[in-house]
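Below is one structure, written out as structure tokens; the observations come after it.
The basis for the numbers below is simple: all heavy atoms, side chains too, and nothing from hydrogens, waters or symmetry mates. A note on names: the letters A, B, ... follow the listed sequences, proteins ahead of strands, and every chain is numbered from 1.
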Amino acid sequence: MNYKKKVILALNKEIKEKLDENVLELPPNESLGDYALPCFILSKKLKKSPIEIAKKLESKKFPSIIEKTKAVGPYLNIYLNRKHIIKEIFKEKENYGKGNKKEKIMIEFSNPNPFKGFHIGHLRNTVLGESISRLLKFQGNKVIPVNYYNDTGKHVAKCLWGLENLKVSKPEDKDLGEWLGKIYSQASIKGKEEEFSIIHKKLEEKDKKYTKAFKQGLSWSEEHFNNIYKDLNITFSKIYYDSDYLDTGKKIVNNLIKKKVAKLDEGAIIADLEKYKLNTLILTRSDGTSMYITKDLSMAIDRINKFKLDSSVYVVGSEQKLHFQQLFKLLELYGYKQSKKCYHLSYGLVNLPEGSMSSRSGNIVLYKDLKRKLFKLLDEEINKRHNNKSKSEKQKIKEDIFSAAIRFDMVLPDTNKEITFDIKKSICFEGDTGPYIQYAHTRASSILKKSKEKISDKINYRLLSKKEEQNLISKLALFPEITKNAAEQHKPNIVAQYLLRISHLFSDFYHNCPCISEDKDLEKARLLLVFCTKQILSSGLYLLGINSPEEM
RNA sequence: GGGUCCGUAGCUCAGCUUGGAUAGAGCACUAGCCUUCUAAGCUAGGGGUCGAGGGUUCAAAUCCCUUCGGGCCCGCCA
């Protein structure tokens, strides 16, 4: 049970009301308390002014979870029991804030196209998906992360055309998937539509030469992607291939016709969803081939049946919003109740300052290129700070900071907002960034390492009385609530914003409350607070997929 | 035309789900702080008709309606 619930129960018991926990709000700043009860909501019933009510409530005695209450105007500000919070974090450690949900959830994300480059748009998707996956797992759910490769279609033909006609020499010992992506972009510009169509058709007819080239290219792309996932520390339980679902949709379409959801129209099979305001869509083309929605539908049914899923999350760009509404509606009309628990996590595209990205025009920032650029900058900085460290130690620090910087950038803005990715800003590691949070974490680590005192929860809690200490503890107590909200709403940015706040409060504490001191009781008390802060920072960073280095 | 998302400080964005206390951060700019736990840090300063108009309410950046500007989607792409 979170503190909010405990507080409202304690309040209700004392004032004999049945208030919902959501009436409690967070005061505008920590010094005003941990929660506030706006007494307006009681004034009609009690026929008293909210100011009077607050004043009256202030003098009541509450259970020990509430340390004190203070009436400020029409608000009753509530301060949680500090000792209680700190003891709990210290006891639970990395389990602090975990939930007890038991759903089986599949989450599909990343979905890069083989034969094209993995760019920062895919990066946003991947980082979001991984974070949501971790958040859902943290709530106790069984999570199955999957990836989906679209290995059929014209983009494959384009790339194969490029391989054949552009005569670009194959680089030795290099990432061939990345090289393929660049060939794709060039082919898009230099080739002609008719030439692509010929290859596309031959591929569908299983032409030996092109099939061989296709298989080779696919394996290069997969190697490229696996390389990046290893870099990002992400693993999938299963990869789905578009090519495996080319024909399986037919049975489903027939059933949809039987259920009168679909019908023939001008040679094609369509589903009329106008009455749900979801337009009409084509399921099967007039030449008999399946549309994407059909493959998606058969894949969705396949997943629900095979894995006995409670729900499914699809991390896909906002431009496919209608597509997923249609998909879920078809699933429902087909008879699957799970459609109610399917969720399209729609996110805004990543643009560049000069406009939108497009692999076809080559106006893209590839993940690997970005990494090379940032590493160059990190090299100088790290050599300046740690010239006594070994190469592998320096490499580890660079990886951690790079990962934090880009992942945090991708996860900080609200998911449905578009991101304008400015490489100049991404190389800045100061201010509201991932490295800033890591920095707070390393400072905490450093204090714990330097002190000779043992960390224990048997301290004099009254010594943690300065406002910087009080504010920090107050915010630490919100971690369970924050992670629960973030998981329920599929919004990692809630955690990101929270960690920034914690880091700011910790910096404030760091500058005003020296830990290592002659006063050993004070040192012990502050050490425990530092330990708890470090725990929350690293738990939170983990949920964003970011490492918490001990030094940087 | 229909749908959907976005519009808050010079710039990038929180806050809107669930209305509530002086609308918060970062960047940039100005002035300070390293003999003291990592200065990737901290302190102070200026900077706002919350796109506009109306409505509901004791109370609106937040809810409702209208409107303007931008992105994306709307039967043979994925």
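By the 4.0 Å N-to-carboxylate-O rule, Lys484(A) lies too far from Glu481(A) to be salt-bridged with it. A salt bridge links Glu58(A) to Lys55(A): one of the charged nitrogens lies within less than 4.0 Å of a carboxylate oxygen.
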Assess the residue pair Lys384(A) and Glu381(A) against the criterion (salt bridge (charged side-chain N to carboxylate O under 4.0 Å, His left out)); give the C-alpha distance rounded to whole Å, side-chain angles, the decisive distance to 0.1 Å, and a yes or no.
CA-CA 5 Å; Lys384(A) 233 190 279 167; Glu381(A) 193 63 35; 3.6 Å; yes
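When both pairing distances are held under 3.5 Å, C33(B) makes a Watson-Crick or G-U pair with G41(B). With both pairing distances under 3.5 Å, G1(B) is matched to C74(B) as a Watson-Crick or G-U wobble pair. G24(B): Watson-Crick or G-U partner is C13(B), with both key distances under 3.5 Å.
Residue Gln489(A) places its side chain closer to U17(B) than to any other of C42(B), U17(B), A40(B). The side chain of Pro28(A) lies closest to A21(B), out of A21(B), A78(B), A40(B). For Glu430(A), whose side chain is taken as the heavy atoms from C-beta onward, the closest listed nucleotide among C27(B), C76(B), G26(B) is C27(B). Which of U38(B), C42(B), C76(B) sits closest to the side chain of Arg385(A) comes down to U38(B). Checked against U22(B), A39(B), C11(B), the side chain of Lys425(A) finds its nearest nucleotide in C11(B). When distances run from any side-chain atom of Asp508(A) to the nucleotides C37(B), A14(B), U43(B), the shortest one goes to U43(B). Side-chain proximity of Ile516(A) to U38(B), C37(B), C5(B): nearest is C37(B).
Rounded to an integer number of Å, the gap from CZ of Arg443(A) to P of G41(B) is 8 Å. The NZ atom of Lys70(A) sits 14 Å away from the C1' atom of A21(B) (whole-angstrom rounding). Computed from coordinates, the Asp151(A) CG to A78(B) P distance equals 13 Å when rounded to whole Å. The interatomic distance linking Ile482(A) (CD1) with G15(B) (C1') rounds to 12 Å, in whole Å.
Between Leu218(A) and Phe115(A) the shortest heavy-atom distance is N-CZ, 3.6 Å. Residues Leu472(A) and Leu505(A) approach most closely at CD1-CB, 3.9 Å, considering heavy atoms.
Each of Asn485(A) and Ser356(A) was matched to the nucleotide of RNA chain B holding its nearest heavy atom; the match closer to the 5' end belongs to Asn485(A).
An anti base is found at C73(B): its glycosidic angle is more than 90° from 0.
Counting distance only, with no hydrogens placed and no angle test, the side-chain atoms of Ser507(A) and the base atoms of C42(B) include no donor-acceptor pair under 3.5 Å. A donor-acceptor contact under 3.5 Å is not formed by the side chain of Asn111(A) with the base of A78(B).
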